[in-house]
Every structure is written in C-alpha cells, then in structure tokens.
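Data first, discussion second: the structure below is written as structure tokens.
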Amino acid sequence: MNEKDLLHDDDHLDLITLGEMLTGERPVSDPEALAAYRAEVEAVWKAQPAFDFEVLRAASHRVEDTPAAAPGRTRRPWWRWAWLPALALAAVLVVVAPPPGPSIRTKDVSAELSYFLKRGDTVMPAPDNVALRAGDRIQFTYRAARNDTLVLVGVDGAGTVSLYYPSRETEPPIAVEPTGSSVLDGALELDATPGTETFVAVFGARSTAAAQRRVRKAYEEGGHAALAALAADDPSVAIVAVRKR
Amino acid sequence: MHHAPETGPTEAEVRALYDRYGPVLLHRCHRILGSEELAQDALQETFARVIRHWDSFRGESAPLTWMYRISTNQCLNMLRSDKTYAGKLDVYESDFAGSERVEGGSEAWDKRRVVRRLLDDVDDETRRVVVALFFDELSLRQASAREGLSVPTVRKRMAFFLKRARRVLETAPAPVTAAILFFLHLSGLS
C-alpha cells in the first residue's frame, strides 16, 4: 500500500463523476470511459433483486431518525443481527471443534480438513460465525500428514449419515499425499436440512465402509459432540462443523 | 400502486429513483464492500432512508450526491460491524472449481481487499478519506471538497492510513502478513 494507490490528479476521471454522467446529472465528457464504466455497473446490477416497494417501505420504518442531509452513523438493519444465534453456536463449537480461519483443525501430525464456501459469485474460506444455507456450495480442502487414505463422511442436522468421498461404500478410500493443502474434486451443494452438519475426514482408513461405520457409531453414541470428541482424541480424524439455517 | 404514509413518496417516485440511481449506487457499494449480498443490503438501506427522509430529500438538487453519502455511511458501518463477514471472509478468493491446490492463495489478494481489511483499523474520518481517494478515485482536492476537510487534513489522514497499514503488517497473523507482503511486492513497495 503506498501513496500512488491513493493519489489521483484533478483531471483523473473519478467514479463519482462517472456516476453523475451515467445518471444524467452531468454531461458526458469521455464516452469511452463511460462505456467501460457502464459495462461494470450493468454487470453488478444483473444480480440485483427486482424492485419491491413494500420491502423498501418496510425497511424505511426501521431506519433511525437521523437528519437526511447529514446522515450520521446508521444503526445496523435488524436483519443483520440474524447471525447472532449462529455466533452463539459457533462459540460453543469453538470449544470442541474448529478454531477460526480456514484451517479448521490442526493435528499434531498436521492432518487438516477445511473448506471453501461458494455463495453466489463469491468464494470464501471457511467462514466464522456465518450460517450456511441451502444452495451454498462447499469444496473441501485437506492436508495429509503422509501418504495416506481419506474417507469423508457427513452427518447432517437430522442425523443422516452421508458418504461423500469416495462416492460409494464399496470403493476404496481415496489416496492422498502430504503435498500441502489440497482440494478434493467437486463441490457439495447444501440441502435445506437445518442444524449442525459435521463433516468428518478419517485418514488412514483401510476400508470405506469401516470408516463410515465408525463415524455413524460415534454419532449414535453422542451426536455431533461425539464427532468433535472423536477428532479431538484421534489425530487421524479431522472435522468441520457447519451450521445451516 | 402503493403509497407511503403521510408525506412519503409514491411507488412510482421511488421506482424512478431506483431505476436511475440504483445501478450506480450498487456498483459503488459492491466496490467498497466486495460482497454482492452486502452491497444489496446497503442499497436497500439507502433507499429506505430516501423514503424515510423524503421531505428533505425531494428538495435536493443533486440526489446522487445525497445518496452517495447515505450509502457511504452504510458501507462503512457494514465494514466495521461485519468485520468477519465483509472484511475477513471476502478477502480471500480463489477459483473455486479451478485450482487443485490452495497453498497460501496470496495471489488472490488484491488492493481492494487489503484496503477493506485495513479500514477496520482506522477512525471514521480516515475511512471516509480512504473511500474517497481509493474507491472513488478522487484527487486530494476533490476529496477535500466532498468531505468538508482541508487538503492538508486529507493528506494527513492518508498518511495515517498508510502508517497504520505498515503497522498492521508487523502484527498481522502469518497468512495475512504473507498476503499483504505479496500485495506490497506487487506495488513495488517492498
């Protein structure tokens, strides 16, 4: 970061001026620059939900009564606090499961499981304090400690146990190498089942079916907390727990 | 056709403003926040305030200037309040389906993300100056006029921001440091 990123000449065509040109508040002085700007604006606008007067009017009732001409700090809209329950849950999960940041669980032997979230056009590393939702897509990353095998099993909020990697119980565990953080092929699209979903990576399993049974047994004995305990006790197991709303 | 209570605008009046100014405002919010979802929230909040303050707004000779100010407030509030969401989560993008490895990912950092992250660490006046200089690409003089600050003050705020950025580099966690150092390398500073 240096001055050249912040300093512009007075004759530089700034974004405010371009906006005024595009909205007709100012005569167009540079059609070429305006065309490029228009393309950018239209690309962003494509994803905007349709105009809904009732939604805007309802939101206006929640706006604090600050002077319009000199707006002060605004209160956060009420819906922005919707993540608070997820935060509370995350605070609990942190005790037994993932520390903040993209590396969800670090073992003594460096076995890790994490993920990237894709929501709309945005891709982000495993988010803290954000509830996931139906339609979100996640792609797992792992870090193996050695040449090993991996089986990835998920248990959703309804207790349904699903095998993700490999795709069939009859297939052998997938082979992994200690080559740093790597991405598992493909992405999962989350369904609408609410609650906590725990993804369990079992490294070193000789049998996919055995690994899946182990996860199922742990869950049946103690729910998601037992899966977290499993990961805490066994360095060959890593978990990611997400909250779906 | 809906009509807002009391002296509020009609649906047609709001729709006309929305169609004319909404795209430009959304683009700017998206530029500042780096998140489509947050930008949409900021735009909604901006128009909610237009409706709320309709009586004073309708007398504005430059509606866009007024709405820029409203949306700037909203964006800065979101950056400050949603540090984890807008600042932390959106600073690190990668090609989701593309690369087979996600080692470090520092190449995914760009200037906007670095600035967005650093905005968490400075005062409100500095934030406004940085938004004007960096996101809106105004000159010192233009930023001075828009923010009602002297040019020396704008320059001072800018210098403070750069100094703060360097301090963050010294205290940031390793991955963050690596990413910002990568950015500085690209900027020719390191």
Side-chain angles (χ1 to χ4, degrees), chain A residues 1-3 5-10 12 14-16 19-20 22-25 40-42 44-45 47-49 51 53-57 59-60 62-63 65 67-69 71-74 76-77 80 102 116 118-125 127-130 139 141 179-183 187, chain B residues 2 4 11 14-15 18 20-21 23-24 26-28 30 35-37 40-41 44-45 47-49 51-53 56-57 62 64 68-70 73-74 77 81 84-85 88-90 92-94 96-97 99-103 111 114 133-134 136-142 158 162 165 184 187 189:
Chain A
M1 195 75 234
N2 56 33
E3 284 196 1
D5 295 314
L6 299 172
L7 290 179
H8 302 280
D9 296 332
D10 282 341
H12 172 74
D14 60 87
L15 271 291
I16 300 297
E20 290 170 350
L22 192 58
T23 55
E25 287 200 355
E40 276 186 35
V41 168
E42 289 177 350
V44 175
W45 188 247
Q48 174 67 8
F51 174 81
F53 182 63
E54 286 305 320
V55 169
L56 295 177
R57 195 171 64 164
S60 75
R62 295 190 294 267
V63 171
D65 200 15
R73 290 190 175 187
T74 56
R76 304 178 72 203
R80 303 302 311 166
F116 282 85
K118 185 174 187 180
R119 175 173 294 173
D121 293 330
T122 301
V123 178
M124 60 192 83
D128 300 331
N129 309 331
V130 173
Q139 186 168 25
T141 67
T179 52
S181 184
S182 302
V183 179
Chain B
H2 303 287
E11 178 175 352
V14 177
R15 180 185 287 275
Y18 190 85
R20 182 177 177 184
Y21 297 109
V24 167
L26 182 71
H27 173 263
R28 182 168 177 272
H30 188 273
S35 158
E36 184 180 281
E37 184 180 0
Q40 291 172 353
D41 284 352
Q44 174 172 309
E45 186 72 5
F47 274 89
R49 287 174 182 278
I51 295 171
R52 174 74 171 177
H53 303 293
S56 52
F57 173 75
L64 185 58
Y68 270 149
R69 292 175 63 189
I70 297 287
N73 279 343
Q74 190 59 29
N77 283 343
S81 302
T84 54
Y85 191 59
K88 186 172 182 180
L89 304 186
D90 206 38
Y92 182 77
E93 285 187 358
S94 69
F96 187 74
S99 64
E100 294 184 354
R101 292 168 56 78
V102 192
E103 192 68 70
K111 293 180 182 179
V114 171
L133 296 178
F134 183 78
D136 293 334
E137 300 182 8
L138 295 176
S139 69
L140 287 174
R141 187 184 60 78
Q142 292 163 335
M158 181 185 74
L162 292 171
L184 290 176
S187 301
L189 194 65

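Values reported hereafter were calculated over all heavy atoms of this structure, with side chains retained and with hydrogens, waters and symmetry mates removed. Chain naming here is simple, since letters A, B, ... match the order of the sequence lines and numbering starts at 1 in each.
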Kindly compute the distance separating [atom1] ([X]) from [atom2] ([Y]), expressed to the nearest 0.5 Å.
X	Y	atom1	atom2	value
Glu20(A)	Tyr68(B)	CD	OH	7.0 Å
Leu56(A)	Glu45(B)	CG	CD	10.5 Å
Gln48(A)	Leu26(B)	CD	CG	5.0 Å
Leu22(A)	Tyr21(B)	CG	OH	11.0 Å

> Looking only at heavy atoms, which two atoms of Ser60(A) and Ala48(B) are closest? And how far apart?
Replying inline: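 Minimum heavy-atom separation between Ser60(A) and Ala48(B): CB-O, 3.1 Å.
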>> Applying side chain to side chain donor-acceptor pair (under 3.5 Å), can you list everything that pairs with Arg15(B), at least two apart in sequence or on another chain?
In response: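 Testing Arg15(B) for side chain to side chain donor-acceptor pair (under 3.5 Å), a comparison that skips the adjacent residues, returns none.
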> Mind checking what makes side chain to side chain donor-acceptor pair (under 3.5 Å) contact with Glu137(B), not counting sequence neighbours?
Replying inline: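 Glu137(B) satisfies side chain to side chain donor-acceptor pair (under 3.5 Å) with His12(A), Arg31(B) once adjacent residues are dropped.
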> Okay, side chain of Gln142(B), backbone of Asp10(A): is any donor-acceptor separation there less than 3.5 Å?
Replying inline: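 Looks like yes, one N/O pair under 3.5 Å.
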> So, does Glu36(B) use its side chain to make a donor-acceptor pair with the main chain of Ala47(A) at under 3.5 Å?
Replying inline: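 Not a single qualifying donor-acceptor pair exists.
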>> I'd like to know which of His27(B), Arg141(B), Met158(B), Gln40(B) tops the heavy-atom pair count under 4.5 Å against chain A.
In response: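 Looking at each of His27(B), Arg141(B), Met158(B), Gln40(B) in turn, His27(B) comes out on top.
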> Step by step, would you call His8(A) with Leu138(B) a side-chain contact (heavy atoms from CB on, under 4.5 Å)?
Replying inline: CA-CA 6 Å; His8(A) 302 280; Leu138(B) 295 176; over 6 Å; no
Side-chain touch [X]/[Y], heavy atoms, less than 4.5 angstrom:
X	Y	answer
Glu25(A)	Arg20(B)	yes
Asp14(A)	Asp136(B)	no
Gln44(B)	Val55(A)	yes

